[in-house]
Amino acid sequence: MDFIKVLFGKNTSSSRMLPKVETLNIVVAEFVEYGNYNFSKSLVRLLERNPNFNVQHFTEPFDKSFLSLQGRHFFDLSDTGNKILQKFNADVVIWGYQEEANIRLNFQTANAYSDWDNVYCSILDSLYIPCEHFELVNFFPENLLNLIIGAIATSISDQRIDLRHLKQKLLKSVVTKFSTDNGKTNSEYMFSPYVLNIVGLIYLELGQKELTQKTFDTTKELFDKALSYKNQIMQNVHLGCIYKNLGQLYETALKQELGGQWLLFREAITHYRTAQKYIDHYNYPYDFALIAFKLSQLYFRYWKFTNDIQALRDAVFFLREAEKTYTEITFPELWSKIEGYLGFYLSLLGLFSKSNEISKLAIKSYKNKQTVYRKELYPVMWAKIQENIANVYYNMGKNSKDKTSFVEAIDYYQSALKVYENKRMHQEVAIVNNSMDKVMKAWRG
């Protein structure tokens with residue numbers, strides 16, 4: 001407990017408050033348990049003690065087989081959770097599954113797997129609570145309840161602007177209770193790998209705005225300690241979650257320029273790729289794809305840092321991996337975002353490798369993005385993509401002295417120009433006119 005107190009001794013005052021929503025809507029789904037104990041009802045009673053929670057109990061029958069987290073059922077888990085969230089207009093749904101003498105808790109929000117910057121980005125991150133505690137609700141350890149509240153708060157995405165104030169309020173309360181605890185809770189629970197992982201996520205969330213070296217070191221120690229208790233980890237997928245979170249820690253440190261860049265790149269990439277060994281594409285497609293997207297961003301930044309062309313190829317490769325799961329039908333906005341990145345990365349790869357074939361793939365990706373950002377609905381975004389396609393054709397023309405490519409470049413520039421002129425975007429008009437002058441000069445040359 002002393003170790004936990006030290007970790008949470010940091011001042012966690014929140015930044016400027018945004019519009020306040022003081023109630024979090026939570027649904028507790030009926031647990032999968034071997035016996036008629038109704039532990040989920042016990043959790044409802046526990047959470048109802050918090051005045052900031054509006055708690056509902058979902059007891060309707062449904063196929064619970066996917067809650068084992070084994071086999072190819074993960075699409076069912078995510079889809080069912082989203083339906084429950086929508087039905088109850090809830091912010092978080094809590095799943096429970098009994099494994100031997102423990103209940104495994106998992107937390108799902110509507111932003112799970114769609115907010116790539118959220119710390120608690122995976123439904124797979126689990127918390128194990130001994131069943132006996134749910135049998136005696138009045139004696140439920142305060143620190144474990146506090147940890148559940150911390151996991152709920154951390155799972156809320158910062159995209160939910162209406163909940164930012166409440167999220168920070170809950171996290172501050174969680175940290176304050178940890179730091180002022182009198183050590184009455186049995187410490188063996190506090191040092192299980194699952195508890196350490198969740199505490200690490202809470203601490204990492206608090207470091208998102210400003211990650212100090214002290215915060216980095218203590219958060220890393222939490223995840224490292226969690227990994228040191230491998231013999232207590234129930235499934236390999238949970239091991240993958242801890243490696244994923246270590247990758248997130250190093251990625252956050254890299255974004256905030258905390259320490260040597262080369263080391264941070266190496267550690268972030270290594271931990272993410274290790275996580276994918278345990279969280280495979282077949283059984284856990286959303287997690288695998290999310291990590292793949294993060295890897296693509298890291299490899300692209302590494303390419304800018306080192307000019308290593310292989311890193312740019314790796315960035316494209318991992319985007320292609322993410323594209324397999326984030327499809328146009330299921331995630332249209334995220335798919336279009338991936339297509340935009342692919343267009344950009346492939347255009348650079350085509351330019352530096354002097355390959356028109358790769359450049360044509362870039363154009364295809366940009367046009368894919370336009371199927372979501374259509375001219376009639378998003379004229380400026382559509383024009384920006386037209387301008388990007390024109391840039392690719394211009395580089396293709398310079399590379400192969402192909403006048404047909406220059407003609408295509410002019411056509412795409414002109415279509416973008418019409419939109420900018422109509423919207424009176426004078427700076428964009430000047431840029432496009434300058435680009436067309438360069439095309440004409442190269443054409444004559």
Side-chain angles (χ1 to χ4, degrees), residues 296-297 299-320 323 328 332-445:
S296 73
Q297 301 294 285
Y299 274 113
F300 180 71
R301 290 188 64 188
Y302 185 73
W303 167 75
K304 291 199 296 183
F305 179 61
T306 61
N307 290 322
D308 181 356
I309 195 68
Q310 182 56 45
L312 187 55
R313 294 191 186 98
D314 289 334
V316 170
F317 170 79
F318 282 104
L319 269 181
R320 291 292 193 199
E323 186 185 32
E328 183 179 9
E333 291 186 7
L334 297 178
W335 174 80
S336 70
K337 187 175 182 179
I338 290 173
E339 294 304 310
Y341 279 120
L342 269 174
F344 183 47
Y345 294 178
L346 287 166
S347 67
L348 290 170
L349 195 57
L351 175 63
F352 291 113
S353 62
K354 296 185 177 181
S355 169
N356 283 358
E357 292 304 313
I358 294 177
S359 295
K360 289 176 182 177
L361 292 175
I363 292 170
K364 181 180 178 182
S365 292
Y366 277 135
K367 288 184 176 180
N368 283 342
K369 186 178 177 72
Q370 284 181 319
T371 63
V372 174
Y373 290 97
R374 301 191 301 276
K375 183 179 181 180
E376 57 272 20
L377 296 177
Y378 307 95
V380 175
M381 176 63 78
W382 179 88
K384 291 286 184 185
I385 300 171
Q386 290 290 96
E387 190 178 348
N388 289 335
I389 294 173
N391 291 336
V392 177
Y393 273 120
Y394 168 61
N395 289 324
M396 287 172 62
K398 284 203 307 179
N399 176 48
S400 58
K401 307 298 181 185
D402 177 21
K403 292 190 176 182
T404 303
S405 295
F406 288 138
V407 172
E408 292 284 357
I410 291 293
D411 286 344
Y412 277 93
Y413 279 133
Q414 286 180 336
S415 62
L417 185 63
K418 289 178 182 178
V419 174
Y420 295 149
E421 287 176 338
N422 185 50
K423 296 291 183 180
R424 298 182 180 179
M425 302 172 69
H426 303 299
Q427 185 176 354
E428 283 74 11
V429 168
I431 291 172
V432 171
N433 280 325
N434 183 56
S435 297
M436 288 196 294
D437 288 342
K438 287 195 299 184
V439 174
M440 297 305 298
K441 184 178 179 180
W443 192 347
R444 297 188 192 100

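Positions are given from 1, in the same order as the sequence printed here. Remember, predicted model here, so these are calculated numbers, not experimental data.
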> Given Tyr413 and Asn391, is the side chain to side chain contact (heavy atoms under 4.5 Å, CB included) satisfied, shown in steps?
Replying inline: CA-CA 8 Å; Tyr413 279 133; Asn391 291 336; 2.4 Å; yes
> Is there a side chain to side chain contact (heavy atoms under 4.5 Å, CB included) between Asp411 and Val407 once you walk through the steps?
Replying inline: CA-CA 6 Å; Asp411 286 344; Val407 172; 4.0 Å; yes
> Is there a side chain to side chain contact (heavy atoms under 4.5 Å, CB included) between Ile410 and Met440 once you walk through the steps?
Replying inline: CA-CA 8 Å; Ile410 291 293; Met440 297 305 298; 3.9 Å; yes
>> One pair to check against side chain to side chain contact (heavy atoms under 4.5 Å, CB included): Ser415 and Trp382. What are the steps and the verdict?
In response: CA-CA 10 Å; Ser415 62; Trp382 179 88; 4.1 Å; yes
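Within the 4.5 Å cutoff, the side chain of Tyr394 has heavy atoms near those of the Phe406 side chain. Under the 4.5 Å side-chain criterion, counting only non-hydrogen atoms from C-beta, Asn368 is in contact with Trp335. In this structure, Leu348 and Trp303 have side chains that are in contact, with non-hydrogen atoms separated by less than 4.5 Å. Taking the side chain as every heavy atom from C-beta outward, Ile358 and Ser353 approach each other to under 4.5 Å. At least one side-chain heavy atom of Ile338 sits under 4.5 Å from a side-chain heavy atom of Leu342. Residues Gln386 and Val419 form no side-chain contact, since every pair of their non-hydrogen atoms from C-beta on lies 4.5 Å or further apart.
In this structure, the side-chain contact (heavy atoms from CB on, under 4.5 Å) partners of Lys360, at least two apart in sequence or on a different chain, are Glu357, Met396. Shown here are the side-chain contact (heavy atoms from CB on, under 4.5 Å) partners of Asn433, two or more places apart in sequence or in another chain: Leu417, Val429, Met436. Partners of Lys369 according to the side-chain contact (heavy atoms from CB on, under 4.5 Å) rule, which considers only residues two or more places apart in sequence or in another chain, are Ser336, Glu339, Tyr373, Met381, Ile385. Qualifying salt bridge (Lys or Arg N to Asp or Glu O under 4.0 Å) partners for Glu323, counting only residues two or more places apart in sequence or in other chains: Arg320. Contacts of Lys384 classified as salt bridge (Lys or Arg N to Asp or Glu O under 4.0 Å), with partners at least two apart in sequence or in another chain: Glu428.
Note: Phe318 CZ to Tyr299 OH = 5.0 Å, rounded to the nearest 0.5 Å. Taken to the nearest 0.5 Å, the OH atom of Tyr420 stands 10.5 Å off from the CD atom of Gln427. Interatomic distance, Leu312 CG to Ile309 CD1, rounded to the nearest 0.5 Å: 5.0 Å. Atom CD1 of residue Ile363 and atom OG of residue Ser405 lie 7.5 Å apart, to the nearest 0.5 angstrom. Atoms CG and CG, from Asn356 and Leu351 in turn, are 10.5 Å apart once rounded to the nearest 0.5 Å. In this structure, Tyr366 OH and Ser347 OG are separated by 4.0 Å, a value rounded to the nearest 0.5 Å.
The shortest non-hydrogen separation linking Ala362 to Gly343 is CB-O, 3.4 Å. What you find for Gly350 and Ser359 is that their closest heavy atoms are CA-OG, 3.7 Å. Across Pro332 and Val372, no two heavy atoms sit closer than the pair O-CG2, 3.7 Å.
A donor-acceptor pair is defined here as one N or O able to donate and one able to accept, closer than 3.5 Å; no such pair exists between the side chain of Thr371 and the backbone of Lys367.
Open room surrounds CD on Glu333; 12 or fewer heavy atoms of other groups in view lie less than 6.0 Å from it.
Pairs passing the salt bridge (charged side-chain N to carboxylate O under 4.0 Å, His left out) check and including a residue from residues 394-403, sequence neighbours excluded, do not occur.
Separation of the Phe344 and Phe300 ring centroids falls under the 6.0 Å cut-off.
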